[in-house]
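Numbered from 1 within each chain, the chains take letters A, B, ... in sequence-line order. Note that these values count all heavy atoms, side chains included, but never hydrogens, waters or copies made by symmetry.
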2 protein chains.
Amino acid sequence: MTTRTATKPRKLTPKGEQTRLRIVAAAAQLMLDRGVAGTTMEDVKAASGASSSQLYHYFADKQALIMDVIAYQDERVVGDQEPMLARLDTVDGLRAWCDFIVQHQRDLECRGGCPIGSLGSELAEVDPAARAAVSGSFLRWESGIRGGLRAMHERGELTADPEDLALTVLAALQGGLLLAQIHRDVRPLRVTLDAMIDHVQAHTTAAVPSSGRP
Amino acid sequence: MTTRTATKPRKLTPKGEQTRLRIVAAAAQLMLDRGVAGTTMEDVKAASGASSSQLYHYFADKQALIMDVIAYQDERVVGDQEPMLARLDTVDGLRAWCDFIVQHQRDLECRGGCPIGSLGSELAEVDPAARAAVSGSFLRWESGIRGGLRAMHERGELTADPEDLALTVLAALQGGLLLAQIHRDVRPLRVTLDAMIDHVQAHTTAAVPSSGRP
DNA sequence: GAAAAAATGGAATGTCCAATCCAAAAAAAT
DNA sequence: ATTTTTTTGGATTGGACATTCCATTTTTTC
């Protein structure tokens with residue numbers, strides 16, 4: 001098929017693929033900085049160095065670009081965290097993951113919020129396809145968290161239900177990220193993730209009050 | 001002053017106040033249903049039965065209307081919950097509040113997400129004044145939650161820090177609401193709030209595993 | 001009852017922005 | 001080397017939409 005709107009586009013040349021990715025990466029950054037509605041195709045052109053023809057060569061319309069931005073952020077956020085998610089089978093691994101997220105938000109000065117959650121929140125009621133895509137990304141993220149918790153559970157170290165606990169941890173993370181963004185302060189995120197660590201620890205077989213950490 | 005853009009508007013007649021409120025209420029509903037960007041002034045006119053002149057008679061511009069929508073939602077959400085927040089000084093009160101929120105989302109079929117959180121997420125990076133207003137609303141909400149937890153603490157029933165716990169509960173709530181909205185399923189919210197109840201209970205002096213509830 | 005102020009109606013204006021169009025250059029395929 | 005395809009450039013178009021403008025009606029104030 002020569003149409004591109006509903007099917008996977010025909011295979012691009014390496015140069016074409018590079019241009020397409022440059023456009024998606026630029027759009028992803030702009031949409032994190034200013035939201036989807038606050039990002040125009042003109043902005044994307046300027047940030048990516050592409051022309052209008054290129055934008056509409058690679059993307060049927062703005063909505064198609066948004067879908068690719070969601071997929072891109074899914075890789076950048078969930079995909080990149082997978083090595084750490086694989087280590088959530090220990091409380092120390094959980095703590096390291098939390099520390100990484102808090103530090104990352106500190107580096108960003110709490111701007112943008114969660115790259116996936118913010119997109120989902122903005123688009124959920126106006127773009128069903130986008131909402132479904134973000135839902136898929138959240139399920140992937142939850143699955144990664146659950147994998148580690150389940151391993152703990154299978155070793156007999158975690159007494160709580162890893163299904164529910166993974167969901168709770170992701171929800172707390174999303175809420176902590178939102179509050180940090182709104183208040184421009186990592187404390188809500190830090191405190192919330194620490195509470196999750198405590199909560200997980202409280203449901204391990206070696207449950208003891210967490211001692212002061214250096 | 002005769003200007004209306006930066007100062008409190010001059011006193012309205014009762015009829016004028018009624019019209020202004022009708023506009024704000026209509027805008028609030030539309031912005032929950034379709035987001036701020038997805039809501040035009042034409043939509044607000046149609047929903048409120050007001051004319052363009054009326055919109056711009058009562059609001060300097062769309063941004064001014066948005067600010068009033070945030071204040072309105074603050075009252076509708078946090079203000080209306082205050083009686084329940086006053087009862088968060090018991091685990092049963094906490095459970096009742098959580099049940100109310102879950103049922104409310106069920107009634108809405110998880111559409112819209114949190115009326116305050118969604119506005120904040122969409123506007124945080126494009127409207128500093130809006131972000132600050134939402135921040136204030138979250139602080140008010142957190143304060144209401146903390147009040148109850150602090151009462152428990154002061155009675156010696158809660159061993160955890162009510163400051164941190166209130167923050168954690170609000171973050172978990174926001175995250176649960178977001179996940180429920182994105183997945184169109186109350187389960188993430190239910191599970192997350194249940195975990196918060198467990199977490200609070202685990203830090204009370206009568207800490208026992210929660211038995212199955214009817 | 002009259003004057004002033006507020007509320008209301010709706011057409012018009014100007015700007016923004018997604019998307020299209022016309023075309024040339026570069027790269028790939030034959 | 002030539003033809004075909006892909007990539008690229010940028011002007012233009014049409015529609016959306018916030019806001020302004022002109023005016024009348026209604027309500028409030030004196």
Out of [options], which nucleotide sits closest to the side chain of [X]?
X	options	result
Ser51(B)	dG9(C), dA19(C), dT19(D)	dG9(C)
Thr19(B)	dA7(C), dT8(D), dT19(D)	dA7(C)
Gln54(B)	dT7(D), dT19(D), dG9(C)	dG9(C)

Within this structure, what is the [atom1]-to-[atom2] distance between [X] and [N], rounded to whole angstrom?
X	N	atom1	atom2	answer
His57(B)	dT20(D)	NE2	C1'	15 Å
Tyr56(A)	dG9(D)	OH	C1'	15 Å
Lys62(B)	dT19(D)	NZ	P	8 Å
Leu55(B)	dA6(C)	CG	C1'	16 Å
Asp43(B)	dA16(D)	CG	C1'	11 Å
Arg22(B)	dA7(C)	CZ	P	12 Å
Met41(A)	dT20(C)	CE	C1'	13 Å
Lys45(B)	dA7(C)	NZ	P	19 Å

### Query
Is Arg146(A) salt-bridged to Glu163(A), cutoff N-O under 4.0 Å?
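Looking at Arg146(A) and Glu163(A), the cut-off is met.
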Strictly under 3.5 Å: I want the nitrogen or oxygen pairs between protein and nucleotides 25-28 of chain C, one per line.
none

### Task
Output all residues satisfying salt bridge (charged side-chain N to carboxylate O under 4.0 Å, His left out) with Asp68(B), sequence neighbours left out; order by chain, then residue number.
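If we apply the salt bridge (charged side-chain N to carboxylate O under 4.0 Å, His left out) test to Asp68(B), skipping adjacent residues, the hits are Arg20(B).
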### Message
My understanding is that only residues two or more places apart in sequence, or in another chain, count here; which of them pass salt bridge (charged side-chain N to carboxylate O under 4.0 Å, His left out) with Arg76(A)?
### Response
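Arg76(A): salt bridge (charged side-chain N to carboxylate O under 4.0 Å, His left out) contacts with Asp80(A).
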### Task
Please answer whether the main-chain N or O of Thr40(A) pairs with a side-chain N or O of Asp43(A) as donor and acceptor at a distance below 3.5 Å.
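Yes.
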### Message
Counting only Watson-Crick pairs (N1-N3 plus N6-O4 or O6-N4) and G-U wobbles (N1-O2, O6-N3), all under 3.5 Å, who is the partner of dT30(C)?
### Response
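With both distances under 3.5 Å, dT30(C) matches dA1(D).
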### Query
Roughly how far apart are Leu189(B) CG and Leu178(B) CG, rounded to 0.5 Å?
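If we round to the nearest 0.5 Å, Leu189(B):CG and Leu178(B):CG are 11.0 Å apart.
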#### Entry: Distance-only donor-acceptor test, Thr40(A) side-chain atoms vs dC16(C) base atoms, 3.5 Å
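Result: no qualifying N/O pair found.
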### Query
Under 3.5 Å, is there an N or O donor on one side and an acceptor on the other linking the side chain of Ser52(B) and the base of dG10(C)?
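No such pair is found, so the answer is no.
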### Query
Is Val24(A) close to Phe59(A) at the side-chain level, that is, under 4.5 Å between some pair of heavy atoms?
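Contact flag for Phe59(A)/Val24(A) side chains = yes.
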### Query
Any side-chain heavy atom of Gln105(A) within less than 4.5 Å of one from Arg111(A)?
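No, every pair of side-chain atoms sits at 4.5 Å or beyond.
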### Query
Has Tyr58(A) got a side-chain N or O lying under 4.0 Å from the OP1 or OP2 atom of dT6(D)?
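Checking Tyr58(A) against dT6(D): no side-chain N or O falls below 4.0 Å of OP1 or OP2.
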